[in-house]
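Everything below concerns the one structure shown next.
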Amino acid sequence: SAAWQLHAGMRIDRTRTSADPALANTNLYFAYQSTRSTAHTDTAPSANIRLSWKPSAHFELSASGGRTVRIPDPAERYFALKRAGSDWVGNPELLPTRNTGADLSAIWHFRMGSIRSTFFYQSLADWIALINQPRVAAQPGVMNAMARYYANADARLWGAELEFSYALIQRFFIAGNLSWVRGQKDIDPARHILSANLGEVPPLSS
């Protein structure tokens, strides 16, 4: 019926990232990851589906789910910098992050404004974490015992958002929002992943 709508889509991306073997410091890769790889090809399928219900002109409820993939960027895989005290090294063996999530949202339109609320949950398989990685193999010119390093870890994100707008008069309105996000990753001491907190997660904001 006109009150119900279903949207769905899918795509497949194929991506190749590489570093110039003549310029890449593969000794750093080997010292911290035991690999000299300088190229990687990823094939990443994605899909989404959304179902919405609009029983009247003033209210709409929708639910959606899907899966997206984030390919590691070239710096996360192939950055290689020798520094005093601690190196900074990419991980050529990084896997893409697979984000499987769902959200529920509701919109209410009334005479002078609207209110929208959204709740979401995301499961992040092989999220890319920045960690401290001990050296695992001696290599010529690699003197430090530790590096800042990228590693995969499973993680989760969930949160909610509320938005509103209200027209005080015909050509003047006020608007605002409130958002909250929480994120955690799996702790794995054997892989030097010691904190459950996700980096760069914004605080409660309005």
Side-chain angles (χ1 to χ4, degrees), residues 3-18 33 35 37 39-54 59-79 90-108 115-133 148-163 177-206:
W4 293 90
Q5 289 191 356
L6 179 67
H7 302 270
M10 65 176 299
R11 60 184 285 172
I12 296 178
D13 296 289
R14 186 173 176 85
T15 306
R16 180 174 174 81
T17 56
S18 64
Q33 180 65 18
T35 182
S37 172
H40 203 289
T41 300
D42 300 283
T43 301
S46 302
N48 68 83
I49 187 169
R50 179 176 183 269
L51 177 66
S52 62
W53 176 54
K54 192 173 184 178
F59 181 77
E60 181 177 353
L61 183 68
S62 64
S64 61
R67 186 182 214 187
T68 61
V69 177
R70 186 181 86 81
I71 305 300
D73 67 44
E76 291 169 338
R77 276 183 171 154
Y78 302 117
F79 191 70
N91 180 355
E93 304 300 326
L94 276 178
L95 299 174
T97 299
R98 302 179 305 282
N99 182 344
T100 304
D103 66 65
L104 178 68
S105 66
I107 306 174
W108 177 40
I115 297 174
R116 178 190 181 102
S117 61
T118 303
F119 304 89
F120 71 89
Y121 178 86
Q122 298 174 359
S123 173
L124 307 171
D126 295 315
W127 184 77
I128 297 173
L130 185 60
I131 66 171
N132 292 317
Q133 167 71 26
R148 294 294 280 166
Y149 185 77
Y150 298 94
N152 291 118
D154 290 342
R156 295 151 298 282
L157 276 173
W158 62 93
E161 184 172 14
L162 179 68
E163 300 174 285
N177 66 62
L178 178 69
S179 62
W180 173 78
V181 181
R182 178 68 173 154
Q184 289 186 337
K185 64 178 181 293
D186 292 346
I187 295 175
D188 188 349
R191 298 172 59 233
H192 314 289
I193 300 173
L194 306 178
S195 172
N197 295 321
L198 285 188
E200 300 182 3
V201 174
L204 177 69
S205 61
S206 65

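Throughout, numbering of the chain's residues begins at 1 and tracks the sequence.
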Any side-chain to backbone donor/acceptor pair from Arg191 onto Asn152? Under 3.5 Å, distance only. yes
Atom pair CD/CD1 of Glu163 and Ile107 - distance to nearest 0.5 Å: 9.0 Å
Checking Tyr150 against Gln33 for the side-chain contact (heavy atoms from CB on, under 4.5 Å) test, could you report, in this order, the C-alpha distance in whole Å, the side-chain angles of both residues, the deciding distance, and whether it holds? CA-CA 10 Å; Tyr150 298 94; Gln33 180 65 18; over 6 Å; no
Pro72 and Pro96 have their tightest heavy-atom pair at CD-CA, 3.7 Å
List the atom pairs, with distances to 0.1 Å, where a side-chain N or O of residues 118-132 and a protein N or O form a donor-acceptor pair under 3.5 Å, not counting sequence neighbours.
unit_1: Gln122; atom_1: OE1; unit_2: Asn99; atom_2: ND2; d: 3.3
unit_1: Asp126; atom_1: OD2; unit_2: Arg98; atom_2: NH1; d: 2.8
unit_1: Asp126; atom_1: OD2; unit_2: Arg98; atom_2: NH2; d: 3.3
unit_1: Asn132; atom_1: OD1; unit_2: Arg148; atom_2: NH1; d: 3.0

In Å and rounded to the nearest 0.5 Å, what is the CG to CZ distance from Asn177 to Arg116? 12.0 Å
For Val201 and Arg182: C-alpha separation, side-chain torsions, deciding distance, then whether side-chain contact (heavy atoms from CB on, under 4.5 Å) applies. CA-CA 7 Å; Val201 174; Arg182 178 68 173 154; over 6 Å; no
Nearest heavy atoms of Leu94 and His40, plus distance in Å: O-NE2, 4.4 Å
Sequence neighbours left out, what passes side chain to side chain contact (heavy atoms under 4.5 Å, CB included) with Ser195? Give chain and number order. Lys185, Asn197
Would you check, one step at a time, whether the test side-chain contact (heavy atoms from CB on, under 4.5 Å) holds for Trp180 with Trp158? CA-CA 8 Å; Trp180 173 78; Trp158 62 93; 3.5 Å; yes
Within a reach of under 6.0 Å around CH2 of Trp53, are more than 12 heavy atoms found that belong to other residues, nucleotides or ligands? no
Reported NE2-to-OG distance for the pair His7 and Ser64, which is rounded to 0.5 angstrom: 11.0 Å
Quick check: closest heavy atoms across Asn91 and Ala151, and the distance to 0.1 Å? ND2-CA, 4.3 Å
What distance separates Leu157 CG from Gln184 CD, expressed to the nearest 0.5 Å? 10.0 Å
Supply the atom-to-atom distance Met10 CE to Ile49 CD1, rounded to the nearest 0.5 angstrom. 12.0 Å
To the nearest 0.5 Å, tell me how far Leu95 CG sits from Arg70 CZ. 12.5 Å
Shortest non-hydrogen contact from Ile71 toward Ala44: CD1-CB, 4.2 Å
Using every non-hydrogen atom in the two residues, find where Ala106 and Leu61 come nearest and quote the distance to one decimal. CB-CD1, 3.9 Å
So Asp186 and Arg156, side-chain contact (heavy atoms from CB on, under 4.5 Å) or not? Walk me through it. CA-CA 9 Å; Asp186 292 346; Arg156 295 151 298 282; 3.1 Å; yes
Got a sec: does the CZ of Arg11 have more than 12 other heavy atoms crowding it under 6.0 Å? no
Heavy atoms of Leu198 and Ala155 approach each other most closely as CD2-CB, 3.8 Å
Flag for Ser46-Thr68: side-chain donor and acceptor within less than 3.5 Å: no
